[in-house]
Amino acid sequence: MLKKFTTLYRYIIDEERKSPDATGELSDLLADIALACKVISLEVNRAGLIDLMGITGNENVHGEQVKKLDEYAHDTLVRAMELSGYLCAIASEESEDFIPVKEKFMGLRPMSKYIVHFDPLDGSSNIDANISIGTIFSIYNRISKGGPGTLEDCLQQGIKQVAAGYIIYGSSTIMVYTTGNGVHGFTLDPTVGEFLLFYENIMIPKRSKTYSINEGNYHKWTGGLRKYIDELKSIDKDKGRPYAARYVGSLVADFHRNLLYGGLFMYPGDSKNPNGKLRLLYEANPLAMIVEQAGGRATNGSQRILEIIPLDLHQKTPLFIGSEEDVLDAEKYLK
Ligand code: AHG
Ligand code: MN
Ligand code: MN
C-alpha cells in the first residue's frame, strides 16, 4: 500500500487550515527552520570531510569549548530566521545576549511577531565521535508592540510557547514538532530533500523500563535521588525492575528514544550545580511542551517546567522528563 507522501510543508499547511485564525506565518516560520536544518544536516554529514570537526578555540558564555559546528549551526539558523521576516528577536545558546532582528529584515512582514530560542547544536561533545546530535527550537509570540524585540519578549514562561521542536542528525535526519495539536515526526528523504511524515500524534508510554542519567554524578546527588536510582536497579518483578540504563549524552537523542519507547530522562541539580546543567529556555521548555503534548510529564523535581518564570536567557533547571508515572515516582523520592 503506497505510504502517504506527506511532506512537512503539506502537513503544516493542512494543520494550519484547522485553526481559523491562522495567518500562515507560523507555518512559513516552521518551514524556514526546517530548511535551515536541512543545510545544517548536510554539513553535519560532511563535517569530517570539510574540516568542520574539531574546535574553534573560542569559548561560549558557559565557558564551554565552541565546536565549529555549534557556530555554523548558530549562524545558519540566525541568517535563515532574519531572512524569514517573521521574527523580532532571536535567542541562542551560542549568543550571550538575545539578537534583536534588524529593522531592515522586519520590513518584510507587517508585525514580525515571533521570538525563537535555539540550541543550535545539542550534544556538541559527541560531534567528533559521530554520535547523534541535534537542534532544539522554541517559538513565542512577541509581547512588545512594535520595533525590534525586547528581553521581556524573550523571557516568557514555557506555557506561552506557540510551537516547539527538535531535529536529530543521526542515522537519518528527523524533525519532531508540535504547535499544540499533538506531536508529529518527519524523516528527511535526502533524495528529494523533503521531510516526510513518519509519526503522527506520537504518544509516550505512561510507564517505561528505561532511565537516562549520568551516573558519574552519583556522589553529588541528594539521598532521595540515590535511593530512587538504586531502587530502579534493584530486582522487583512487580515493578518491572531493574530498568535498563540508556544515556547517549545528547539530550535530543535520549529524549527522542524515550519519547518513542517510553523512558525517564533526568538531569538533576547536585551539590556542585544546584540547578543542574540544562538550560530552561532552549532545552527544557521546548522538550517539556512536546512531552506534555505526547501525554508525558516534565518537572524540575517538583515544579512543572512550563510554569517556571525565566529570569535569565541562559538560566539552568534540573530536568525530570518522560513517561508520566516514572516522573511522578522520581518526584516522590525527591521530596
Ligand atoms: P550542548 O551540547 O547543547 O551543550 O548540550 C549538551 C547537554 C545535553 O545534550 C546532554 O544531555 C548533556 O549535555 C550531557 O551532559 P553530561 O555530559 O554532563 O552528562
Ligand atoms: Mn544542548
Ligand atoms: Mn548546544
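Atoms within each ligand, like the ligands themselves, are counted from 1 in listed order.
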If two hydrophobic side chains count as joined below 4.5 Å and joins carry through other members, does [X] share a cluster with [Y]?
| X | Y | value |
| --- | --- | --- |
| Val327 | Leu225 | yes |
| Ile321 | Met266 | no |
| Ile115 | Leu287 | no |

Minimum-distance protein heavy atom relative to [atom]:
| atom | result |
| --- | --- |
| atom 7 (C) of ligand 1 | Leu278 CD2, 3.8 Å |
| atom 10 (C) of ligand 1 | Gly249 O, 3.3 Å |
| atom 18 (O) of ligand 1 | Tyr267 OH, 2.6 Å |
| atom 5 (O) of ligand 1 | Asp122 OD1, 3.0 Å |
| atom 1 (P) of ligand 1 | Gly123 N, 3.6 Å |

Ignoring hydrogens and geometry, is there a side-chain-to-backbone donor-acceptor pair from Asn45 to Ser41 under 3.5 Å?
-> yes
Determine yes or no for a side-chain-to-main-chain donor-acceptor pair under 3.5 angstrom, with Arg304 supplying the side chain and Leu306 the backbone.
-> no
Cationic N near anionic O, under 4.0 Å, [X] to [Y]:
| X | Y | answer |
| --- | --- | --- |
| Lys206 | Glu325 | no |
| Glu93 | Arg279 | yes |
| Arg46 | Glu43 | yes |
| Arg297 | Glu331 | yes |

Is it the side chain, the backbone, both or neither of Leu121 that has a heavy atom closer than 4.0 Å to ligand 1?
-> backbone
Contact between Asp70 and ligand 1, counting heavy atoms under 4.0 Å?
-> no
Less than 2.8 Å from the Mn ion (ligand 2) is the window; count the protein N, O or S atoms in it.
-> 3
Any chance OH of Tyr333 has more than 12 other-residue heavy atoms, nucleotides or ligands included, within less than 6.0 Å?
-> yes
Should we count NZ of Lys209 as having more than 12 external heavy atoms under 6.0 Å?
-> no
Based purely on interatomic distance, does [X] place a nitrogen or oxygen under 3.5 Å from a nitrogen or oxygen of ligand 1?
| X | value |
| --- | --- |
| Ser250 | no |
| Val252 | no |
| Leu251 | yes |
| Arg279 | yes |

Show the atoms of ligand 1 that are less than 4.0 angstrom away from any heavy atom in [X].
| X | answer |
| --- | --- |
| Ser124 | 2 (O) |
| Tyr247 | 14 (C), 15 (O), 16 (P), 19 (O) |
| Asn214 | 16 (P), 18 (O), 19 (O) |
| Phe265 | 11 (O) |

Could you pull out, from Glu215, Glu283, Lys277, Glu94, the option with a heavy atom nearest to atom 15 (O) of ligand 1?
-> Lys277
Among Phe5, Tyr11, Tyr166, which residue meets the ring-ring contact (aromatic ring centres under 6.0 Å, His included) test with Phe186?
-> Tyr11
Applying side-chain hydrogen bond (donor to acceptor under 3.5 Å, both in side chains), name anything that partners Lys227, two or more places apart in sequence or on another chain.
-> Glu231
